[in-house]
Amino acid sequence: MARMIEELEDETGAVIKYKRHVNGRGLVAPSARVAESAYIDATAYVEANARVGLDAYVGAGSWIDQGVTVGDRTFIGANVHVGSGSVVGSGVRIGSNAKLGKDVMLGNGARVDRDAQVASGSRIELRGSSAARAALAAPLRAPRRGERDSSRRAA
């Protein structure tokens with residue numbers, strides 16, 4: 001059985017403890033908050049004071065830096081770095097190998113192409129009703145086996 005707490009050493013020699021997320025086994029700092037329904041790949045990191053919303057997906061080798069907020073139903077591909085203090089809205093899709101600088105703001109439904117580099121302090125947003133539709137277009141996950149589907153009513 002794999003360990004639930006991992007200890008890693010950073011570049012300054014300080015030991016940092018991470019816990020394994022229940023969905024995907026990714027490494028999550030103790031002060032980070034990650035929804036149980038979010039998927040964090042086993043090789044992905046979520047740093048201190050970060051927030052990851054419902055049904056979000058963080059791919060292999062991705063790094064969610066300190067103080068980042070990731071919205072609900074957001075897809076973050078493989079080997080993505082989201083810089084510290086960034087805000088990623090709901091329904092956002094970030095392609096693999098993209099690099100986001102510090103304090104980037106991505107509005108609901110925004111798209112970032114793979115291999116893109118977004119400069120620190122940039123803002124990318126959709127305007128009008130298309131932003132709301134894009135944020136809500138991604139379906140919520142199907143209930144897991146054994147979970148009760150709250151949308152069904154007993155007859």
Do any N or O atoms from the side chain of [X] and from the backbone of [Y] form a donor-acceptor pair under 3.5 angstrom?
| X | Y | value |
| --- | --- | --- |
| Asp72 | Gly53 | no |
| Ser86 | Leu100 | no |
| Ser31 | Asn49 | yes |
| Ser84 | Asp103 | no |
| Arg20 | Ala42 | yes |
| Ser120 | Gly101 | no |
| Ser62 | Gly77 | yes |

Please report the interatomic distance [atom1]([X]) to [atom2]([Y]), rounded to the nearest 0.5 Å.
| X | Y | atom1 | atom2 | result |
| --- | --- | --- | --- | --- |
| Ile76 | His81 | CD1 | NE2 | 11.0 Å |
| Arg111 | Ile124 | CZ | CD1 | 12.0 Å |
| Phe75 | Tyr57 | CZ | OH | 5.5 Å |
| Ile40 | Ile64 | CD1 | CD1 | 7.0 Å |

Listed by chain and number, what are the side chain to side chain donor-acceptor pair (under 3.5 Å) partners of Tyr39, not counting sequence neighbours?
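Only Asp41 meet the side chain to side chain donor-acceptor pair (under 3.5 Å) criterion with Tyr39.
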Within a reach of under 6.0 Å around CZ of Arg93, are more than 12 heavy atoms found that belong to other residues, nucleotides or ligands?
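No, CZ of Arg93 has 12 or fewer neighbouring heavy atoms, counting only those of other groups under 6.0 Å.
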Looking at Lys102, I want to see if its NZ is surrounded by more than 12 non-hydrogen atoms of other residues, nucleotides or ligands under 6.0 Å.
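Check fails, neighbour count at 12 or below.
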Can you see which heavy atom on [X] is nearest to which on [Y], and at what distance?
| X | Y | result |
| --- | --- | --- |
| Lys17 | Pro30 | O-CD, 3.1 Å |
| Val112 | Ala116 | CG1-CB, 3.8 Å |
| Val46 | Tyr18 | O-CE2, 4.0 Å |
| Gly71 | Ala56 | O-CB, 4.0 Å |
| Val58 | Ala44 | CG1-CB, 3.9 Å |
| Glu47 | Ala32 | O-CB, 3.4 Å |

Among residues at least two apart in sequence or on other chains, which ones pass side chain to side chain contact (heavy atoms under 4.5 Å, CB included) with Asn97?
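Asn97: side chain to side chain contact (heavy atoms under 4.5 Å, CB included) contacts with Asn79, Asp115.
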Step by step, work out the side-chain contact (heavy atoms from CB on, under 4.5 Å) result for Val88 and Ile94.
CA-CA 10 Å; Val88 179; Ile94 301 174; 4.3 Å; yes
